[in-house]
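Letters A, B, ... mirror the listed sequences (proteins, then strands); counts begin at 1. Note that the structure is a prediction, hence the values are computed from the model and not measured.
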Amino acid sequence: MGIHGLSKVIADNAPAALKEVPIKACFGRKVAVDASMSIYQFLIAVRQQDGMQLTNEAGETTSHLMGMLYRTIRMFENGIKPVYVFDGKPPDMKSNELKKRGVKREGAEKAAAAAEETGDTENFDKFSRRTVKVTKEHNDDCKKLLKLMGVPYIEAPCEAEAQCAILAKSGKVYAAGSEDMDTLTFGTPVLMRHLTFSEARKMPVVEIELAKVLEGLEMTMDQFIDMCILLGCDYCDSIKGIGPTRAVSLIKEHKNIETILEKLDSKKYPAPEDWPYQAARELFRAPNVTKAEELDVKWEAPDEEGVVAYLVGEKGFNEDRVRSAIQKLIKTRTGTTQGRLGDYFKPVEKPAGSTSAAKRKMDAKAASGSAKKKGGSFMKKK
DNA sequence: CCTCTCACTGGAGACGCG
DNA sequence: CCGCGTCC
DNA sequence: ACGTCCAGTGAGAG
């Protein structure tokens with residue numbers, strides 16, 4: 001669930017931290033991506049008309065492999081080298097949150113089963129998407145595919161987002177590529193959003209720079225973490241009646257949650273009972289991660305025959321499609337390491353030249369520029 | 001009237017053809 | 001440049 | 001053996 005409302009807080013209070021980056025300027029960048037989150041999205045989205053996932057003849061789901069294969073290749077075509085990070089064991093503090101989600105999913109499972117029985121495809125589709133769960137098999141399938149593709153992956157001991165942040169902090173990758181704002185709370189210096197579908201949807205990549213977030217909010221990192229806890233994180237409740245506006249001003253005035261609890265009118269804004277905000281804070285400050293020095297992150301040549309044997313032989317993919325996909329990977333991969341290594345740390349944003357690609361980018365940018373900037377409204381979710 | 005919170009909802013991938 | 005069906 | 005996250009809506013409190 002990330003940090004509740006953080007993206008709006010940043011947009012309102014630290015706009016300078018946000019930068020729209022043409023996808024071209026991302027060429028050569030290495031990025032850490034939360035694998036489980038990607039798989040989850042594929043399992044939800046990659047379906048056929050009847051709401052069923054794609055499967056091979058044996059009935060094994062293939063939606064996640066399809067998504068992983070093509071999205072990864074698309075990133076490579078743009079010169080972006082992903083390293084996938086898999087979740088480990090969730091922290092104990094998350095168990096309350098997880099229990100809530102489990103109960104919800106059970107309800108959805110029942111509703112989906114009922115809809116299936118009565119032949120209500122619309123409702124079956126709707127509810128079955130809410131029953132999606134990434135299993136060990138899904139993860140293992142994707143690890144096998146990535147290995148064959150020559151794309152590195154890491155198994156995090158705990159939260160993938162925290163591991164992504166460490167990789168970026170250490171310089172092993174340029175940024176964490178995620179939609180999940182708590183990657184910033186875990187301390188990634190740069191967060192890249194809308195990375196995966198920027199080309200397909202003409203949505204610009206947005207970079208969020210942590211240093212500028214802190215500058216704009218006039219907070220230290222510790223104050224920022226406390227603010228995130230007040231906004232609402234996965235690890236503990238927040239104070240009822242304190243939303244984005246009050247969270248920002250309370251931290252600015254009192255600097256930390258301890259002082260806020262002293263000064264705040266506890267009749268009006270009672271803190272949750274047995275509120276483990278200090279433990280949550282500790283999870284953000286010092287998360288359980290593997291040290292970056294111990295990790296080996298290398299992109300290798302894809303094993304075309306291996307990929308074909310797996311996807312075509314075992315999973316029923318179309319051979320021509322798989323081979324041409326791998327060819328794209330091989331072509332862009334060698335192109336990347338040969339020519340472009342030089343400009344890989346310069347994020348320069350420039351007006352762009354005269355290529356058709358550049359022109360398309362500018363059009364997309366202009367369109368999105370007029371459609372957005374609408375900062376007044378209030379948005380809420382659950 | 002304005003500001004804010006909360007609850008509920010829907011939609012979400014990538015490709016290629018016409 | 002789209003809308004929409006197909007991928008497995 | 002878990003797991004989203006945004007954006008739009010409306011109701012209600014202060």
Side-chain angles (χ1 to χ4, degrees), chain A residues 1-8 34-49 52-75 77 86-92 94-105 122 125-127 129-139 158-161 178-182 193-194 196-197 199-202 231-232 234 238-247 268-269 311-312 314-318 320-322 324-325 328 360 363-364 367 374 376-382:
Chain A
M1 180 167 155
I3 305 298
H4 192 242
L6 179 56
S7 65
K8 183 163 164 44
D34 180 342
S36 305
M37 188 79 73
S38 306
I39 294 170
Y40 184 77
Q41 289 171 350
F42 295 137
L43 290 175
I44 286 173
V46 183
R47 284 163 186 260
Q48 32 194 2
Q49 294 101 314
M52 300 293 284
Q53 294 170 336
L54 304 183
T55 61
N56 66 0
E57 286 193 355
E60 299 165 323
T61 298
T62 51
S63 295
H64 54 310
L65 293 168
M66 171 82 71
M68 191 67 110
L69 175 73
Y70 287 115
R71 181 182 283 179
T72 303
I73 287 169
R74 168 167 286 255
M75 282 193 231
E77 284 181 307
F86 287 84
D87 269 327
K89 184 176 152 335
D92 292 339
K94 213 170 175 174
S95 56
N96 268 343
E97 177 70 23
L98 297 184
K99 208 174 289 173
K100 269 188 246 166
R101 293 175 190 173
V103 169
K104 261 190 189 167
R105 206 182 49 243
E122 194 175 316
D125 189 17
K126 190 169 94 184
F127 286 115
R129 283 174 202 252
R130 298 185 202 170
T131 68
V132 164
K133 183 167 75 169
V134 178
T135 65
K136 184 176 188 309
E137 284 68 39
H138 295 134
N139 281 315
C158 196
E159 300 272 52
E161 296 301 341
S178 174
E179 304 308 306
D180 204 338
M181 297 297 287
D182 59 11
R193 306 189 85 195
H194 312 150
T196 57
F197 40 87
E199 188 83 14
R201 302 253 194 101
K202 302 182 193 95
L231 289 175
D234 286 349
S238 51
I239 302 174
K240 291 271 176 285
I242 305 297
T245 308
R246 291 188 178 118
K268 224 157 139 192
Y269 302 110
L311 291 184
V312 179
E314 288 184 44
K315 300 296 181 182
F317 280 55
N318 177 288
D320 291 342
R321 288 172 198 245
V322 171
S324 87
K328 276 198 240 174
R360 231 175 349 141
D363 292 345
K374 220 287 169 173
S377 76
F378 224 79
M379 44 124 209
K380 216 65 297 170
K381 41 153 283 195
K382 56 140 358 159

D/dG3 phosphate, OP1 or OP2, under 4.0 Å from A/Ser36 side-chain N/O: no
Integer-rounded Å distance: D/dC5 P and A/Asp180 CG: 3 Å
Nearest-0.5 Å distance that lies between atom NE2 in A/His64 and atom CG in A/Asn139: 8.5 Å
Touch class at under 4.0 angstrom, heavy-atom based, for A/Gly67 against every strand present: nothing
Atom-to-atom span, NZ of A/Lys94 to P of D/dC2 - whole angstrom: 13 Å
From CA spacing to verdict: side chain to side chain contact (heavy atoms under 4.5 Å, CB included), A/Leu311, A/Leu69: CA-CA 10 Å; A/Leu311 291 184; A/Leu69 175 73; 3.9 Å; yes
Distance between C1' atoms of B/dA7 and C/dC8 (Å, rounded): 38 Å
Whole-Å C1' distance, B/dC1 and D/dA13: 14 Å
Distance test, side-chain N/O of A/Arg74 to OP1/OP2 of B/dC15, below 4.0 Å: yes
Expected output: side-chain A/Gln48 to main-chain A/Leu54 donor-acceptor under 3.5 Å: no
Touch class at under 4.0 angstrom, heavy-atom based, for A/Lys240 against every strand present: sugar-phosphate
pair A/Ser38-A/Arg71: side-chain heavy atoms closer than 4.5 Å: yes
Touch class at under 4.0 angstrom, heavy-atom based, for A/Thr55 against every strand present: base
Closest to side chain of A/Ser7, choosing from D/dC6, B/dG13, D/dC2: D/dC6
Rounded distance in Å - CZ (A/Arg130) to P (B/dG10): 6 Å
Out of B/dC4, B/dG13, C/dC8, whichever nucleotide has its closest atom nearest the side chain of A/Arg246: B/dC4
Touch class at under 4.0 angstrom, heavy-atom based, for A/Arg321 against every strand present: sugar-phosphate
C1' spacing across the pair D/dG3 / B/dA12, given as an integer number of angstrom: 16 Å
Distance, rounded to the nearest Å, where A/Arg129 contributes CZ and D/dC6 contributes C1': 16 Å
Sugar-phosphate only, base, or nothing, as touched by A/Gln48 at under 4.0 Å among non-hydrogen atoms: base
Complement of D/dG3, any strand, by Watson-Crick or G-U distances under 3.5 angstrom: none
Any side-chain heavy-atom pair of A/Ile242 and A/Arg246 under 4.5 Å: yes
Side chain of A/Thr245 (C-beta onward), nearest among D/dC5, B/dC4, B/dA12: B/dC4
Candidates B/dA12, B/dT5, B/dG13 - which lies nearest the side chain of A/Ile44: B/dA12
Counterpart base for C/dG5, defined by Watson-Crick or G-U wobble contacts under 3.5 Å: B/dC15
Gap in Å between the two C1' atoms, one belonging to D/dC2 and one to B/dG10, rounded: 24 Å
Reported CD-to-NZ distance for the pair A/Glu159 and A/Lys94, which is rounded to 0.5 angstrom: 3.5 Å
Nucleotide of B/dC6, B/dG13, B/dT5 approaching A/Pro244 most closely (side-chain heavy atoms): B/dT5
P gap between D/dC5 and B/dC15, integer Å: 24 Å
Euclidean distance, atom CE of residue A/Met37 to atom P of D/dC6 [Å, nearest integer]: 10 Å
Sugar-phosphate only, base, or nothing, as touched by A/Phe317 at under 4.0 Å among non-hydrogen atoms: sugar-phosphate
Partners meeting side-chain hydrogen bond (donor to acceptor under 3.5 Å, both in side chains) with A/Asn318 (sequence neighbours left out): none
Spacing of A/Tyr70 atom OH relative to B/dA14 atom P, expressed in whole Å: 12 Å
Sugar-phosphate only, base, or nothing, as touched by A/Asp87 at under 4.0 Å among non-hydrogen atoms: nothing
Sugar-phosphate, base or nothing in reach of A/Ile242, heavy atoms under 4.0 Å: sugar-phosphate
Atom-pair distance (CD on A/Gln41; P on B/dG10), nearest Å: 20 Å
Phosphate OP1/OP2 of B/dG13: any A/Arg71 side-chain N/O under 4.0 Å: no
